[in-house]
Amino acid sequence: MWSCITDFFTYETTKSVVVKSWTIGIINRVVQLLIITYFIGWVFLYEKAYQVRDTAIESSVMTKVKGFGIYNDKVMDVADYVTPTQGASVFCIITKLITTENQVQGYCPESEKKYTCTQDSDCTKHLNKPGSYGILTGKCVHFNATIKMCQIKGWCPAEIDTIKMTPMMEVENFTIFIKNSIRFPTFNYTKGNFLPTITGDYIEKCNFDMVNNTYCPIFRVGDVVRYAQQNFSKLGGVIGIKIGWMCDLDKSDDECNPSYSFTRLDAMSQKTAVSPGYNFRFAKYYKMENGTDYRTLAKAYAIRFDVLVNGNAGKFNMIPTLINMVAAFTSVGVGTVLCDIILLNFLKGADQYKAKKFEEVQCFWPESLNHCISFIGNQINTKTVAHYFCLMSPFGVFLVVC
Ligand SMILES: *[C@@H]1O[C@H](CO)[C@@H](O)[C@H](O)[C@H]1NC(C)=O
């Protein structure tokens, strides 16, 4: 027991063995050089490990769509084709509309093919199933002179949404104006996508493109769709306009700029034939003189735009710099492990080196165990193992090495 205590209160320092060998010397330096290059090139310069990062970007987005289209011989303006109208980061531009006018509450025949019938019993099987335009009454009534359909109670006449409509092609030439302000709370840094270099004149006539006008905040719908690699004429779906802010705040302010990219977000519905595109219904309500409500129902096919903002900012800070420098210096030592393995196993005269490197210590455990430890790896200093063994055994913990 006493020997354990005296063994514990000791200090060990490593004894160096200098090996004058070109082979191992070159390997050693090359490995060290690789490790240093990795840390300087990748960790420090590329990953900027000397900075603290703020990824909690705060952002506000305002949008405005402009342009006129012609649909069903009517001129459509923003109030007609953009919904919701608040100019938020998510908005829809309606490209196709199926309107059903003058609907009132009452009884009328269904309009969908699956509700055709010849007698009442054909309709009772549909009762309590959703999917029609009203509550089914279970009666079979005339839709027109030749066809009979199940009757519903609801808004009448029922919508006929199977008519083919061509989309409003002018949408392609509409423009989306995006105003985006961001803030990095950690550094209290704010910026907007109206860069100081952008003048009023420029905004009047610029259109974003990927080559010459990368900071123009006005986007042609056709361009956005094209950049998202979609075909405008058969599009209905969700397009993401992504604004990325990757800022290095150690550099000057004009190098913190937005970068725009475009993708289709509902890529899944692109692949399936079930429920393709994007549509929704809304209604406008009116009152007749006698007080009854009537409405115009619209089924709208639209392109939805989501403006997504992401980004992060980094700035020099002492703590990550120190931590990463320590990691870098420690890692240079990893080269020694590799060199030791080569030196003690593969180099000519390995046995000699081994003898120089490890000195035999007096052991108090069986020879076989000692052999086992030296087998496990020359890396383990036998003396250290002896210490552990000594410290552990009083507490009944056995060091299992083989
Ligand atoms: C969009 O604008 C271009 C150029 O002004 C014009 O040639 C084209 O016909 C327009 N497209 C539609 C669908 O109106």
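Both counts, for ligands and for their atoms, begin at 1 and track the order of listing.
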SG atoms of Cys123 and Cys117 less than 2.5 angstrom apart: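 Answer is no: Cys117 does not pair with Cys123 in a disulfide.
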In terms of SG positions, are Cys108 and Cys156 separated by less than 2.5 Å?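 Taking the criterion (SG atoms under 2.5 Å apart), Cys156 and Cys108 satisfy it, so yes.
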Is the closest basic N to carboxylate O distance between Asp293 and Arg295 below 4.0 Å?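 Salt bridge flag = no for Arg295 with Asp293.
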Does a donor on one side chain sit under 3.5 Å from an acceptor on the other, for Tyr285 and Lys287?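 Note: Tyr285 and Lys287 side chains miss the donor-acceptor criterion.
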Atom 3 (C) of ligand 1: which protein heavy atom is closest, and how many Å away?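 Of every protein heavy atom, Asn173 ND2, 3.5 Å lies nearest to atom 3 (C) of ligand 1.
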Identify, for atom 13 (C) of ligand 1, the protein heavy atom at the shortest distance, and state residue, atom and that distance.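 That would be Met169 O, 3.5 Å.
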Looking at atom 7 (O) of ligand 1, is any protein heavy atom nearer than 4.0 Å to it?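 False for atom 7 (O) of ligand 1.
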